[in-house]
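Notes follow once the structure below has been shown.
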Amino acid sequence: MTTLRKFLEKSNIDADIAYDEPMSRHTSLRIGGPADALVCPRTTMALAGLIQAAHGRAFPVTVIGGGANLLVADAGIRGIVLCTSSIRFMDEPLAIHDGLRLVRAGAGVQVNELVAYALERGLSGLEFAAGLPGSIGGAVYMNARCYEREMADALVTVDYVMPNANMGQIDDQEHCSTGYPEAGTASSGTDQDNVQSYDMIRDDWAYKQTPFMPTGYLSGAIIMAGSFVLLPGDRPAIAARMADHQADRRAKGHFDWPSAGSLFKNDRRFGRPTGMILDELGFRGRRIGDAMVSPKHANIFVNAGSASARDMLALIHEAQQAARQHFGIELEPEVVLLGDFTG
Ligand SMILES: Cc1cc2nc3c(=O)[nH]c(=O)nc-3n(C[C@H](O)[C@H](O)[C@H](O)COP(=O)(O)OP(=O)(O)OC[C@H]3O[C@@H](n4cnc5c(N)ncnc54)[C@H](O)[C@@H]3O)c2cc1C
């Protein structure tokens with residue numbers, strides 16, 4: 001039995017654990033080799049405790065949300081892949097000043113669920129995100145953006161746990177515990193041992209840039225929840241705006257094949273969207289194995305069958321090389337690469 005497996009089995013973590021789990025089952029691209037251990041804690045307490053304990057034992061931990069922006073290597077991911085899908089609490093809207101409402105959602109809540117929740121209560125501010133795949137944790141981490149708005153526009157606070165080797169060592173016989181509100185229950189605040197709260201500083205956030213990313217000062221933190229400010233509005237009008245965005249995504253072929261949305265970031269300095277640049281380079285429909293550039297949108301790379309990560313990466317490199325050669329520009333992937341691509 002591996003050391004990792006022993007550690008997980010002895011620690012009695014309240015979690016669903018799958019060993020050698022194919023990551024292709026957990027990514028929207030349907031690509032990715034096995035994770036040594038995919039661990040989905042059932043409670044926020046278990047999640048926070050696991051992070052600290054794994055950090056204390058120096059096991060690598062990779063966090064995933066809904067897997068909607070990931071390209072995972074064919075070799076898979078070593079160590080623990082921590083999934084947040086059970087961190088699903090949503091607080092009742094809290095009235096704050098000027099009629100505004102604050103809504104907090106756990107990291108594992110799907111963005112679309114929060115969007116529907118806001119609509120049910122006639123709250124405006126998240127219409128732009130209707131139809132956006134993925135979880136709150138992933139959307140906050142990525143500062144997901146569409147229809148001229150981004151998560152940071154509505155975000156007020158982020159609850160997170162920062163791994164710290166001196167905290168939360170798991171006693172081999174005991175469950176992980178931190179005291180953060182249990183999933184599915186009303187929350188009681190975030191002033192617990194390990195969970196810290198970040199208050200929005202707008203300058204920390206920009207296009208696809210957040211303090212939680214590798215260059216940010218909160219890099220390595222695991223996002224537990226996001227609180228969003230919303231405004232009471234006209235329910236039919238909110239519903240209409242959401243429906244427009246969903247229809248637009250369908251029309252653009254977002255859901256025709258497995259994908260991770262836009263493959264590359266846009267960059268104002270290029271003077272036009274990346275999709276247009278790739279069109280000019282004739283990339284629409286280009287294919288390596290089953291990795292294909294969508295025939296409907298040149299910045300959406302899709303899995304047209306049983307694509308490997310290797311083929312997808314080769315297609316990415318081909319596009320980057322063409323953009324470099326023809327226009328002297330560097331296309332930067334928006335999609336997050338996880339695992340070892342060197343083999
Ligand atoms: C059809 C389609 C359309 C899309 N359209 C858009 C779009 O319009 N705009 C846009 O911005 N994106 C778009 N995307 C990409 C994707 O929806 C977003 O990036 C989304 O926010 C990813 O969320 P996720 O939960 O799936 O994160 P994942 O893909 O699982 O993870 C993304 C990153 O976030 C990190 N992460 C996830 N959860 C946490 C957490 N709790 N704590 C710390 N780090 C975490 C991961 O480590 C990883 O680095 C699209 C994707 C698809 C498939």
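Order of appearance sets the numbers: ligands from 1, and atoms from 1 within every ligand.
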For atom 9 (N) of ligand 1, what's the nearest protein heavy atom and its distance? R145 O, 2.7 Å

Within less than 4.0 angstrom of ligand 1, does G108 place any heavy atom? no

Starting from L263, can I reach L278 by hopping between I/L/V/M/F/W/Y residues whose side chains sit under 4.5 Å apart? yes

Assigning hydrophobic clusters by single linkage (Ile, Leu, Val, Met, Phe, Trp, Tyr; side-chain heavy-atom cutoff under 4.5 Å), is L218 placed with W205? yes

Between E127 (side chain) and G125 (backbone), is there a donor-acceptor pair under 3.5 Å? yes

Using 30° and 60° as the class boundaries, would you call the ring planes of Y217 and Y198 parallel, tilted or perpendicular? tilted

Would you say ligand 1 has an N or O under 3.5 Å from any N or O of I222? no

Counting only heavy atoms closer than 4.0 Å, does ligand 1 sit against the backbone of A260, its side chain, both, or neither? backbone

Which ligand 1 atoms, with their elements, are less than 4.0 angstrom from a heavy-atom of K208? 10 (C), 11 (O)

If I apply the N/O under 3.5 Å rule, does G261 come out as touching ligand 1? no

Heavy-atom count check: over 12 atoms from other residues, nucleotides or ligands less than 6.0 Å from E120 CD? yes

Protein residue, atom and distance nearest to atom 29 (O) of ligand 1, heavy-atom basis: N69 N, 2.8 Å

What protein heavy atom sits nearest atom 39 (C) of ligand 1, and how far off is it? V63 CG1, 3.7 Å

Pair R88 + E113, salt bridge at N-O below 4.0 Å: yes

F255 versus ligand 1: do any nitrogen or oxygen atoms come within less than 3.5 Å of each other? no

Do any N/O atoms on V336 end up under 3.5 angstrom from N/O atoms on ligand 1? no

Considering only protein heavy atoms, which is closest to atom 17 (O) of ligand 1, and at what distance to one decimal place? P133 O, 2.7 Å

With a 4.5 Å cut-off on side-chain heavy-atom distances among I, L, V, M, F, W and Y, is there a chain of contacts connecting Y117 to L155? yes

Decide yes or no for E318 and Q321: does some side-chain heavy atom of the first lie under 4.5 Å from some side-chain heavy atom of the second? no

Above 12 or not: heavy atoms from other molecules or residues under 6.0 Å from CZ of R202? yes

Can you check whether G66 has an N/O within less than 3.5 Å of an N/O in ligand 1? yes

Assess the side chains of Y147 and D244: does a donor N or O sit below 3.5 Å from an acceptor N or O? no

For A144, atoms of ligand 1 separated by under 4.0 Å from a heavy atom: 11 (O), 21 (O)

Min heavy-atom dist R249 to ligand 1 below 4.0 Å: yes

For the hydrophobic clusters of this structure (ILVMFWY residues joined by side-chain heavy atoms under 4.5 Å, transitively), does one cluster hold both F301 and L70? no

Distance filter under 4.0 Å to A221 heavy atoms, resulting ligand 1 atoms: 43 (C)

Tell me: protein heavy atom nearest atom 26 (O) of ligand 1, and distance? A68 N, 2.8 Å

Check if M213 has a non-hydrogen atom at a distance under 4.0 Å from any atom of ligand 1. no

Verify, without hydrogens or angle tests, whether D267 (side chain) and R269 (backbone) share a donor-acceptor contact under 3.5 angstrom. yes

Heavy-atom distances under 4.0 Å decide this one: backbone, side chain, both or neither, for M224 against ligand 1? neither

Under 3.5 Å between some N or O of ligand 1 and some N or O of N143? no

Regarding H326 and E280, is there a side-chain donor-to-acceptor distance under 3.5 Å anywhere? no

For A152, does its backbone N or O pair with a side-chain atom of N143 as donor and acceptor, under 3.5 Å? yes

Identify the closest protein heavy atom to atom 21 (O) of ligand 1: which residue and atom is it, and at what distance? A139 CA, 3.2 Å

By number and element, which atoms of ligand 1 are closer than 4.0 Å to a non-hydrogen atom of S259? 1 (C), 53 (C)

Regarding atom 27 (O) of ligand 1: of the candidates A129, G137, G138, which has the closest heavy atom? G138

Atom 34 (O) of ligand 1 has as its nearest protein heavy atom Y141 CD2, 3.1 Å

Side chains of Y141 and N69: donor-acceptor distance under 3.5 Å anywhere? no

Numbering the atoms of ligand 1 from 1, which are under 4.0 Å from a heavy atom of T84? 41 (N)

Any N or O on G134 sitting closer than 3.5 Å to an N or O of ligand 1? no

Treating Ile, Leu, Val, Met, Phe, Trp and Tyr as nodes and any side-chain heavy-atom pair under 4.5 angstrom as an edge, say whether V293 and F327 lie in one connected cluster. yes

For atom 7 (C) of ligand 1, find the nearest protein heavy atom and state the residue, atom name and distance (0.1 Å precision). L132 CD1, 3.4 Å

Run the numbers for me: atoms of ligand 1, each under 4.0 Å from some heavy atom of H254, listed by number. 1 (C), 3 (C)

C146 neighbourhood, listing ligand 1 atoms whose heavy-atom distance to it stays under 4.0 Å: 8 (O)

